[in-house]
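Contents: one structure, followed by commentary.
As the structure lists them, so they are numbered: ligands from 1, and atoms in each ligand from 1.
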Amino acid sequence: MSSSRRLFFALSLPDALQQQVIRWRAEAFKPEDGRPVAAANLHLTLAFLGEVSAQKEQALKTQAGRIAQTGFSLNLDDLGHWPRPGVVWLGSKRPPRALLQLAELLRSQAARSGCYQSPLPFHPHITLLRAATQPVAIPPGTPGWPFNANHFSLYQSSFEQGRTRYHELAQWPLGP
Ligand code: 2AM
């Protein structure tokens, strides 16, 4: 019997940017606003896959490897709060077309492989705080970090010793 894993495709944040974001976050929000996501867990999800069998995982990796997509730069200059899932997020006021195309491709490949895809429009974001279900004073802006994406990755999400951990399983380059 094959085991299944909880998987998603995402862009990871460079370590230096993770540190800049968490330093700024500590100043920008109050402890009661929500539970901060650990620096190493900051990422931008491209396609959430859910529980995936080993066989399906292999097929999704093969399809991901066929993607020929250029790299891109995005400016992390937008902030918002979704009270229902309790998420405070960092995003981009003008997400580049290449980012939207990459996510669309991964999401349609996932759907064709039988991974349920939300009908809600894709809104690229990096979750900063969770359990943010009460009103949050969102700061007027961010320092506007530029972020160059030159690869995308497949991650496994697991819950170990009371913590969510993301393990990178594979990565693929984004072209020049
Ligand atoms: P979130 O940060 O907005 O919660 C790993 O769990 C990643 O997959 C997170 O970035 C999370 O988005 C996203 N995710 C989790 N469950 C999801 C779902 N049912 N649909 C879409 N994305 C999901």
Quick one: side chain to side chain contact (heavy atoms under 4.5 Å, CB included) partners of Leu169, sequence neighbours excluded?
Arg5, Leu7, Glu57, Leu154, Gln156

Side chains of Glu160 and His167: any donor to acceptor distance under 3.5 Å?
yes

Taking distance alone, no hydrogens or angles, what donor-acceptor pairs closer than 3.5 Å link side-chain atoms of residues 19-29 to residues at least two apart or in another chain?
unit_1	atom_1	unit_2	atom_2	d
Arg25	NH1	Val37	O	2.8
Arg25	NH1	Leu128	O	2.9
Arg25	NH2	Val37	O	3.0

Test question: given the 4.5 Å side-chain rule for I, L, V, M, F, W and Y, name all other residues clustered with Phe8, or answer none.
Phe48, Tyr155, Tyr166

Between Ser92 and Asn75 (side chain of the first, backbone of the second, donor and acceptor by atom type, cut-off under 3.5 Å), is there such a pair?
yes

Using a cut-off of under 3.5 Å, which N/O atoms of ligand 1 pair up with protein N/O atoms, and what distance separates each pair?
unit_1	atom_1	unit_2	atom_2	d
ligand 1	2 (O)	Thr127	OG1	2.5
ligand 1	2 (O)	Arg130	NH2	3.0
ligand 1	3 (O)	His125	NE2	2.6
ligand 1	3 (O)	Thr127	OG1	3.4
ligand 1	4 (O)	Arg130	NH1	2.8
ligand 1	4 (O)	Arg130	NH2	3.4
ligand 1	10 (O)	His43	NE2	2.7
ligand 1	10 (O)	Thr45	OG1	2.6

Are Trp89 and His123 close enough that their ring centres sit under 6.0 Å apart?
yes

